[in-house]
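Each chain gets a letter, A, B and so on, in the order its sequence line appears, and its residues count up from 1. Everything quoted here is computed from the prediction, not taken from an experiment.
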Amino acid sequence: MNEFTNKAIEIIRQIPKGKVATYGQIAKLAGNPRSARRISHILHQYSSKFKLPWHRVLNAKGEISLQVGTGLEEQKAMLEKEKVKFQKDRIDLNEYLWQI
DNA sequence: ACATTGACTGCTA
DNA sequence: ATAGCAGCCAATG
C-alpha cells in the first residue's frame with residue numbers, strides 16, 4: 001500500500017451519497033492525474049475489504065465502465081437507489097459530479 | 001524480467 | 001455525437 005493508494009481510498013470514502021466521481025478525478029486528487037487506471041485496480045482490490053462506495057465511480061463520460069454480467073447492473077441499481085438518474089446508460093455529470 | 005491486460009483519458013477527425 | 005488512437009501505469013502470468 002503506497003501513498004497514492006491510501007489517498008485514493010480516503011477520497012473515494014468521501015464521495016457523498018447521490019454524487020459520483022470519475023476515475024481521473026480521483027487519480028488527480030490523489031496526486032497523479034495520469035493514473036486513472038490504478039483506481040480501477042484499487043477498487044478491485046479494496047472495495048470488498050474496505051466497503052468503499054465503488055458504485056459512485058464512473059468513467060469520464062459519466063458511464064459505467066463495467067460490462068454486462070460483471071457488476072454493471074448491480075452498480076446501476078445501487079446508484080438509482082441513491083436517486084441518481086440514468087439517461088440511456090449515462091448520467092449527467094453537470095448535475096451529479098462530486099465537486100469539492 | 002517481459003508481455004499483456006485493463007472498472008481510463010484526452011485529442012483528433 | 002461517435003470512433004479511433006496514443007499515452008498511461010500497476011497488476012498479472
Side-chain angles (χ1 to χ4, degrees):
Chain A
M1 171 105 74
N2 55 43
E3 186 182 331
F4 178 85
T5 304
N6 210 39
K7 281 189 180 179
I9 290 177
E10 285 304 308
I11 291 164
I12 295 169
R13 273 206 170 118
Q14 294 174 42
I15 304 175
K17 188 177 178 182
K19 290 285 185 178
V20 302
T22 70
Y23 298 94
Q25 179 185 20
I26 294 167
K28 187 176 177 182
L29 293 173
N32 192 340
R34 298 168 202 170
S35 296
R37 290 194 122 128
R38 291 190 56 184
I39 304 302
S40 72
H41 291 139
I42 292 170
L43 293 182
H44 266 298
Q45 293 179 26
Y46 300 102
S47 62
S48 54
K49 304 172 186 174
F50 285 93
K51 295 186 178 176
L52 298 173
W54 60 274
H55 55 281
R56 303 195 187 124
V57 184
L58 308 178
N59 65 25
K61 300 176 195 163
E63 302 173 310
I64 296 175
S65 292
L66 293 170
Q67 293 175 283
V68 180
T70 64
L72 183 150
E73 291 162 10
E74 184 189 3
Q75 177 170 12
K76 189 172 179 179
M78 285 197 277
L79 285 174
E80 289 183 325
K81 202 192 286 185
E82 297 184 353
K83 313 263 162 76
V84 175
K85 294 171 186 173
F86 282 77
Q87 311 180 351
K88 205 180 188 231
D89 296 330
R90 170 180 310 195
I91 71 165
D92 184 357
L93 287 180
N94 288 319
E95 184 171 356
Y96 295 109
L97 184 64
W98 176 44
Q99 295 172 51
I100 306 179

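Interface residues of residues 68-88 of chain A facing DNA chain C, ordered by number: none; criterion, heavy-atom separation under 4.0 Å. DNA chain B is contacted by A:Thr22, A:Tyr23 of residues 14-23 of chain A, taking any non-hydrogen atom closer than 4.0 Å. Listed in residue order, the members of residues 33-66 of chain A having a heavy atom less than 4.0 Å from DNA chain C are A:Arg34, A:Ser35, A:Arg37, A:Arg38, A:His41, A:Gln45.
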* Check step by step if salt bridge (Lys or Arg N to Asp or Glu O under 4.0 Å) holds for A:Glu73 and A:Lys76. => CA-CA 5 Å; A:Glu73 291 162 10; A:Lys76 189 172 179 179; over 6 Å; no
* To do: Would you check, one step at a time, whether the test side-chain contact (heavy atoms from CB on, under 4.5 Å) holds for A:Glu10 with A:Arg13?
  => CA-CA 5 Å; A:Glu10 285 304 308; A:Arg13 273 206 170 118; 3.1 Å; yes
* To do: Step by step, work out the side-chain contact (heavy atoms from CB on, under 4.5 Å) result for A:Ile26 and A:Trp98.
  => CA-CA 10 Å; A:Ile26 294 167; A:Trp98 176 44; over 6 Å; no
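Remark: P of C:dA11 and CE of A:Met1 are 11 Å apart, rounded to the nearest angstrom. At whole-Å resolution of the value, CG in A:Asn6 and P in C:dA10 are 16 Å apart. To the nearest angstrom, P of C:dG7 lies 17 Å from CG of A:Asn32. For the pair A:Ile12 CD1 and B:dA7 P, the computed distance is 15 Å after rounding to whole Å. To the nearest angstrom, C1' of C:dC8 lies 16 Å from NZ of A:Lys28. Distance, A:Ile26 CD1 to B:dT9 C1': 14 Å, rounded to whole Å.
Counting heavy atoms from C-beta outward, A:Asn59 and A:Thr22 have side chains that stay 4.5 Å or more apart. Counting heavy atoms from C-beta on, the side chains of A:Phe50 and A:Ile12 never come closer than 4.5 Å. Taking the side chain as every heavy atom from C-beta outward, A:Leu66 and A:Glu74 never approach each other to under 4.5 Å.
Rounded to the nearest 0.5 angstrom, A:Ser65 OG and A:Leu43 CG are separated by 10.5 Å.
B:dG6 and C:dC8: their C1' atoms are spaced 12 Å apart (whole Å).
Under a 3.5 Å cut-off, the side chain of A:Gln75 and the backbone N or O of A:His55 do form a donor-acceptor pair. Panel note: side chain A:Lys28, backbone A:Arg34; no donor-acceptor pair is recorded below 3.5 Å. Using modelled atom types, no side-chain atom of A:Glu82 and backbone atom of A:Arg56 make a donor-acceptor pair closer than 3.5 Å.
The shortest non-hydrogen separation linking A:Trp54 to A:Ser47 is CD1-CB, 3.9 Å.
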